[in-house]
K.L.:
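I have a structure I would like to understand better, so I am pasting it below and will then ask my questions one at a time.
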Amino acid sequence: MSFLIDNETRLIVQGITGREGAFHTEQMLIYGTQVVAGVTPGKGGAEVHGVPVYNTVMEAKVKHGANAAVLFVPPKFMYGAAYEAIISGIPLVITIAEGVPVHDMLRLHHLAREKGCRLIGPNSFGIISPGKAKAGFMAHRIFSEGSVGLMSRSATNAYETVFLMQQKGIGQSTCIGVGGDMIPGSPFVDMLPLFEADEQTEIIVMIGEIGGGEEELAAAYISEHVTKPVVALIAGKNAPKDTSMGHAGAIVSPDGEGSAENKEAVLRAAGVHIAEGTEHLVEIVEQLIKGK
Amino acid sequence: MSFLIDNETRLIVQGITGREGAFHTEQMLIYGTQVVAGVTPGKGGAEVHGVPVYNTVMEAKVKHGANAAVLFVPPKFMYGAAYEAIISGIPLVITIAEGVPVHDMLRLHHLAREKGCRLIGPNSFGIISPGKAKAGFMAHRIFSEGSVGLMSRSATNAYETVFLMQQKGIGQSTCIGVGGDMIPGSPFVDMLPLFEADEQTEIIVMIGEIGGGEEELAAAYISEHVTKPVVALIAGKNAPKDTSMGHAGAIVSPDGEGSAENKEAVLRAAGVHIAEGTEHLVEIVEQLIKGK
Amino acid sequence: MKLLEYKAHEIYRRYDLPCMNGMVASSAEELKAMDGRIPYPMVLKSQVQTGGRGKAGGIQFAENRKELEEKADFLFNLKIKDLPVEKVFAAHKVELTREMYLSITLDRKVKQAVMIFSPEGGVDINQIAEENPDKLVTVYLPPNEPLQDFTLQYVMDASGLDEKYRADFKDIAGKLYRIFTEYNCLLAEINPLVVTDAGRLLALDGKIDIDDNALFKHEDVRLFRDEITGNPLVLEARSFDFLYIPIQEKGSIAVISNGSGMIMSSIDLISKQGMAVTCALDLGGGATSDRIKEALRIVAENPKVETIFLNIFGGITRCDEIANGIMGSLSHLQSIWLVVRLEGTNKEKGLAILESASDRVTLAAGLKDGVSILENRLGA
Amino acid sequence: MKLLEYKAHEIYRRYDLPCMNGMVASSAEELKAMDGRIPYPMVLKSQVQTGGRGKAGGIQFAENRKELEEKADFLFNLKIKDLPVEKVFAAHKVELTREMYLSITLDRKVKQAVMIFSPEGGVDINQIAEENPDKLVTVYLPPNEPLQDFTLQYVMDASGLDEKYRADFKDIAGKLYRIFTEYNCLLAEINPLVVTDAGRLLALDGKIDIDDNALFKHEDVRLFRDEITGNPLVLEARSFDFLYIPIQEKGSIAVISNGSGMIMSSIDLISKQGMAVTCALDLGGGATSDRIKEALRIVAENPKVETIFLNIFGGITRCDEIANGIMGSLSHLQSIWLVVRLEGTNKEKGLAILESASDRVTLAAGLKDGVSILENRLGA
């Protein structure tokens, strides 16, 4: 089993006629993903790698029964494209763009929830269920089918981790780029119940970083609801601190929230294994697998 | 057990300083409902039957931990009052007003769902859990605690039914006025899972009427998910047909939908007992109770 | 509140939605006076609250003054399904090359507005919908969100609308949506939406149904409703915030109650016993003795009414108020027999008051008992 | 993008939000020229991207021309936490009777904007928040909904704000909210919000932090950002859409990678081994050989950089492009040593190209290997 996407997923690519959109459409098709249609306003009627292009998400959805969308559109236009996908009733929307305005994401984060849509990203590498399907731009060669469920704020750290797993013959169930921007569509805590429920997933890997409170929220959920072992890495211990401004931040967030120390402490208290780096992370995963 | 409201419910009354609001606040207090605050914009600081009045729902909520609101406001102002309650995070909002503009309800119906609020009504007598609490204007003397869960589009038909039950010594678990207007906040189908899950409820009574498709939606749900016996009455068999206009209605709704014949047929097919009138309805309920 | 075509056109013009630029006449003389003001050929359309006017001869054309005068006399003497023609909408006849269909209505089940478009329309739209449903594009309009360009784009793409009509379509659909929301419509339908000989889209007919509960927002339409309400008792009741409902021609029973549910139940039970209700009146909540008097008076003005079944089950309503209202009305209701069922606050007080009423008032112990009393007196 | 006070005031004025009506000077001469243009007494406020300017003497007052000239010379020779004062905001001094606090910021965890108000404010607001949290009213602003009257009403009622300030408060809070949303702010804070001796509310200081990702919507602010960016390498990198990040004064290692996650992981691992990174550069996605050349050139312009760790793990990035970029840069990087880790498409091609590179390029098999190589050369 895998979740969110698999061989049955009927994916549309928004921004399919762009350079990145076209390239990754081909990559996704090669990987076996059912890319049923593309959407680029004004380019309806075209074809990209044999995939028909429409002006609107609704037409792609009605004509092809699409049930997921991946967006290869620049950050400026991401709001409009995601809004259209959500409003058109696509239940899974994956956004790749990096540097989407925070206020755009504030709106979309809530809109998606309210309309019953799972919004993944932005600044996400996408989702891959190795051996079944991928929706995103990840280099799929390093992924293989297995029992580790992975979610990461960073694409490069996820690659590094999967690459090291590959060298040790450890495969993945589903890998999700929750995205590195300030406001994710679906943070870690939204993904945890899916990994917990997924039969294929035996170990959950969470690659976080400093800033925000997503790891803290995840820790609270894990201690209450997650029975599977969780291994976490918090990147950015030695990154320069953002010089904060004004007093509102201190009023809204308690002391230390967002720091690597705090994140590691609350995760550890929730029973999560803390890794020092990617290499260490994969070592822990290996031991957990052997220990079974 | 009862649901939606009980002795723990911390109710606010919007429009508490109006004639109806003040009168029914007293009635609800007499019945034992915890009316913790009232809200009337511009009347903050006043008191009604010992209940403090605020200008905003938010203040009433923050100061008194309110978790339900009942609205005694005229139909023109119902949108604004319900909007405030929903946006302020009140999870249960009961609206009494009759004749609320349909477009207002179109907006509120979806807004409530999206914000995680149960909106009951409009044109509802409210909710009563006999012996525990009531939020609304029903004449509570005829209600008594028991095992029949009742929901009704019409207040008067619900009274008639409960009155007849009283004469036979049959009590109710929870009675809900889903409301008689065109677009209910929460139609029958939203209430069915609550009655099904409620331990106190052994028989479900549904009093519908001609028009709309709520009874049809309920029938579909009942046949899939409801194990308790359901008794239904459809009022309005002999009401004059509304002369429809244009073609759009016929395109959107299949033939016969909304007629008493259609509603009774689909309900019967779903295993629901169909009553000819209130008297007959109570007879069926009595037999079901005896048959246990 | 279903608007007549000419009133819909008034609203279209207010939104600059391309439509027939016509005028309405309330008499044959007014219609004849259109000569010189509207160029020939002219189309003359009867304004009646019913369908099928075309087949009934309610739409006529005039090529010249003589024909205009003949047709004016003809139309203002015409009855369509028993309704006399009281208004005729006259306009310069539009030469059209094609008919389309566009509407926005409400899907009560889904609780969303829905836009329906077909590049083929006209009187056969229902047939098209049945036989070639693919010709119709139906799209739900998301609640609490403005109308989106991508929604109209979808409608145009999915319907294969010719490029040359798209600018007009977007304009008209956008305006129709504004009318739908701003006028609180249950239906806004343009059928046919025609292509004129100049290749432009134009609304040739218009059906607009406005939510009665929202009329307080639209004074112009509210006044128009009173103007076209044929039944004076409906109007009279409305002025007291009562709802008067004509039911059947043949009956002699009137039902008065304090809620539409109880009215329906009463009518259902009476009908089931083979009797006929001619009209009903819904008091709404909180009736006082004065209001009861007015309600009885209005119902009694219907000459068919011989028996009134007053069925009150109030949460709020006080039975002594009702009883006093009845007592105060009896002298004006000489030939009418009343069956009264009272339940609610102060029931005993009310019943005590009614004990001294004339023998034209019979008390019922409940709904079913009331219907039995009616049956004993009137039934077969 | 944190705006300096005078820039925040510019935005306030654009929204007609009552604030100090001052002017900014970029030199002592410009400041002295305020004489006659701004009435005395004058307040002179240093504009620096750091806190604590008050304690450092960065805020001065002038009662007359002589004082203005003295203070002008003083301020433009002042350093606040190592930052030279390059701009001074001058305004007529406001006589105030009371200080309040108002801000709108973003709660990342809840993912909503939040308004915070306290009828007592000023420099002690954090202390008030800790010791008397009840004095602060915090209210979440619902997403995708406009600011509501009832929300401001709640803030005023719950804070017990005096009736006489309410009209001003509503005006200012509404405008601050518009600024917050229209300028894509992460923070819009007025502290203190003062009551003047005339009893009116006025923003005496302003902190506005604008989302860098939304600067494309605000050309004026984008230009301002470049103007106040002290580090020329940050600016230079920005012009290529790279992110240049100064890290530590003492280090000699630069990290270049194609993603902030990998940059953080690299720095973490290097730091853990006791070495120091002085700067990092994030290439973003899809680096070509030309862009690699520019990235290497910019980093090498930092005179502290002796070693560059180029750590690439690309989904898209082609390793041969990277390798060609390195080869083309070597002649310009005479004194710099490179550790290169390549992973991704065309890795073998890339490695083959680098085989012929000088011995100043060392290949690493992975992140950990790269750090080991650095350690062997630089470590204790």
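Note that the coordinates shown come from a computational prediction; the quantities given were computed from them, not determined experimentally. Computed from heavy atoms alone, side chains included, the values below leave out hydrogens, waters and symmetry copies.
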K.L.:
Measuring heavy-atom distances to chain A, does D:I245 have an atom under 4.5 Å in its side chain, in its backbone, in both, or in neither?
P.N.:
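Interface part for D:I245: side chain.
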K.L.:
So what's closer than 4.5 Å to chain A heavy atoms on D:V110: side chain, backbone, both or neither?
P.N.:
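The answer is the backbone of D:V110.
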K.L.:
Which bit of A:L111 is near chain D, if near means a heavy-atom gap under 4.5 Å: side chain, backbone, both or neither?
P.N.:
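Both backbone and side chain.
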K.L.:
Chain D heavy atoms under 4.5 Å from A:I142: which part of the residue, side chain, backbone, both or neither?
P.N.:
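Contact with chain D is through the side chain of A:I142 alone.
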K.L.:
State, with a plain yes or no, whether a side-chain heavy atom of A:T156 is found less than 4.5 Å away from one of D:N258.
P.N.:
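Yes; the side chains approach each other to less than 4.5 Å.
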K.L.:
Relative to chain D, which segment of A:V100 carries a heavy atom at a distance below 4.5 Å: side chain, backbone, both, or neither?
P.N.:
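The backbone, not the side chain.
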K.L.:
Are A:E214 and D:K111 ion-paired here, with the side-chain N under 4.0 Å from a carboxylate O?
P.N.:
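Yes, charged N to carboxylate O under 4.0 Å.
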K.L.:
Relative to chain A, which of D:N213, D:I247, D:L367 shows the most heavy atom pairs under 4.5 Å?
P.N.:
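Option with the greatest count: D:N213.
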K.L.:
Please state whether the side chain, the backbone, both or neither of D:Q248 comes within less than 4.5 Å of a heavy atom of chain A.
P.N.:
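For D:Q248, there is no contact with chain A at all, as no heavy atom is under 4.5 Å.
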K.L.:
Please confirm whether the backbone N or O of A:A235 pairs with a side-chain atom of D:D268, one donor and one acceptor, at under 3.5 Å?
P.N.:
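No, because the side chain of D:D268 does not come within donor-acceptor range (under 3.5 Å) of the backbone of A:A235.
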K.L.:
Do you know the tightest heavy-atom contact between A:F163 and D:A365?
P.N.:
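Reported closest heavy-atom pair: CE2-O, 4.5 Å.
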K.L.:
If you compare all heavy atoms of D:T181 against all heavy atoms of A:H103, which two are closest, and at what distance to 0.1 Å?
P.N.:
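Minimum heavy-atom contact is CA-CE1, 3.9 Å.
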K.L.:
At a 4.5 Å cut-off on heavy atoms, which part of A:T278 comes close to chain D: side chain, backbone, both, or neither?
P.N.:
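For A:T278, the contact with chain D is made by the side chain alone.
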K.L.:
Check each atom of D:P133 against the heavy atoms of chain A and say whether the ones under 4.5 Å are side chain, backbone, both or neither.
P.N.:
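Nothing of D:P133, per the 4.5 Å heavy-atom cut-off to chain A.
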K.L.:
Side chain from CB out, backbone as N, CA, C, O: work out which of these in D:L269 comes under 4.5 Å of a heavy atom of chain A, or both, or neither.
P.N.:
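For D:L269, there is no contact with chain A at all, as no heavy atom is under 4.5 Å.
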K.L.:
Which atoms of D:D211 come close to chain A, meaning under 4.5 Å heavy atom to heavy atom: side chain ones, backbone ones, both, or neither?
P.N.:
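The side chain, not the backbone.
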